[in-house]
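Reading through the structure tokens given below for one structure.
Reminder, nothing fancy here: chain letters follow the sequence lines and each chain counts from 1. Worth saying up front: this structure is predicted, and the values here are computed from it rather than measured.
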Amino acid sequence: MPAFTIKAPADFDLPRDACSYGYFLLAPNHWDPASSTLWRVMATGGGRAALLAVRQRGPGAPLRVTTGATLRPQDRARVEAGLVRMLRLDESAERIAAFHAADPRFKASGRGRLFRSPSLHEDIVKTVTSCNVTWPSTVTMNERLCEVFGVRCAVGESWAAHAFPEAARLAKASPAALRARCRVGYRDTRLVELSKLMCTSARHGGIDGAWLEDPGTPDQAVFDRLIELPGIGPYAAANIMQLLGRYGRLPLDTESVRHGRAVLGMKGTAASIMKRVHRHFAPFGEHAFRSYWFELWEWYESRHGAASTWERSKVARLFTAAALNKSGASHG
DNA sequence: GGTAGACCTGGACGC
DNA sequence: GCGTCCAGGTCTACC
């Protein structure tokens, strides 16, 4: 099998850092607990896609990327850039250390990197498919978006045959097709509009990915721009911001309320608990989201084992509201 | 500025 | 197996 390696930061640990956010469970990502391998079909341009298998011998070791076929240099560059973004391989040790200084609870485990997608477009679509819906439906929507609109890989398993659809492809899709074939419901038009905006230049009102990704752009300006977009409200905007590496805002949802009640011992209405959760994590400042998220994530792992051991076929059932409430009630 | 109701899907539950 | 209820964040209309 053709393969190449990518240098990893000294503290990088693939099972911990890939399985650090729920998107590692969403198509076209596939984590294999038995072999600690991250599988993914990634579009390489020109209507082609490659099946990737990413492994690491141990923390700090280079990542070995096996591909189904030999990649052209430009395709390999695109794949490598996508993996760097997904796994946040370019996040500096200084920034991770600053987080650990702000919240020493996670220094020993080394947590700091949060899994994301190879593109901002995929992160935005995944965020929209997670709004106003339970987790199993989010899983289904992403699987079907890949199956219906993603480039098919020449070499692939049944669970990893298609890449995530590129913005240009979804921009041309009909909302009715998204609704009927991908079960996205009323999100149909919003997803098409968002994809069109991704393909439109900033000068003509499109989404300026480079400006949003630029650390020099103020957080408030990013939030103000995101919340203008169709289908993006306060929760989604804050979630996209953490995916952009801006951790000062908390994307609070009903799961945050459950966490506030079950783990932090808060009482009262959902609205009052949301305000208190905000206040609770405010002292962590620009690191607030990571403190919140890793606290939540470690609570999940205390119930179900390390995320890197979760079986894809079983995990969707663990994250239904009913299951989480039962778990919180019995343990919290 | 704050609030109520619609939006759509799928899981849970009762019969 | 079928019907009903409910969870979930955003958007719009209305006060």
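- No side-chain N or O of A:S20 forms a donor-acceptor pair with one of A:D17 less than 3.5 Å apart.
- Rounded to an integer number of Å, the gap from A:M274 CE to B:dG2 C1' is 16 Å.
- Salt bridge status for A:R190 with A:E193: absent, with no side-chain N to carboxylate O gap under 4.0 Å.
- The NZ-P distance, from A:K126 to C:dG8, rounds to 22 Å in whole Å.
- A distance below 6.0 Å separates the ring centres of A:Y300 and A:W297.
- Atom CE in A:M141 sits about 11 Å away from atom P in B:dG11, given to the nearest Å.
- A donor and an acceptor atom, one from each side chain of A:Y23 and A:T127, are located under 3.5 Å apart.
- For the pair A:L252 CG and C:dG9 C1', the computed distance is 13 Å after rounding to whole Å.
- For the contact set between residues 170-193 of chain A and DNA chain B, defined by any heavy atom under 4.0 Å, the members are A:R179, A:R183, A:G185, A:Y186.
- Put simply, CD on A:E228 is 12 Å from P on C:dC11, counting in whole angstrom units.
- Checked by atom type, the side-chain pair A:R78/A:T44 shows no donor-acceptor distance below 3.5 Å.
- In this structure, A:N239 atom CG and C:dT10 atom P are separated by 10 Å, rounded to whole Å.
- Between the CG atom of A:L229 and the P atom of C:dC11 there is a distance of 9 Å, rounded to whole Å.
- In this structure, A:F99 and A:H287 have tilted ring planes: the angle between them lies in the 30° to 60° band.
- Here A:T254 reaches the OP1 or OP2 of C:dG8: one of its side-chain N or O atoms lies under 4.0 Å away.
- Counting any heavy atom pair closer than 4.0 Å across all strands shown, A:I227 reaches no nucleic acid atom.
- With rounding to whole Å, A:Y235 atom OH is found 18 Å from C:dA7 atom P.
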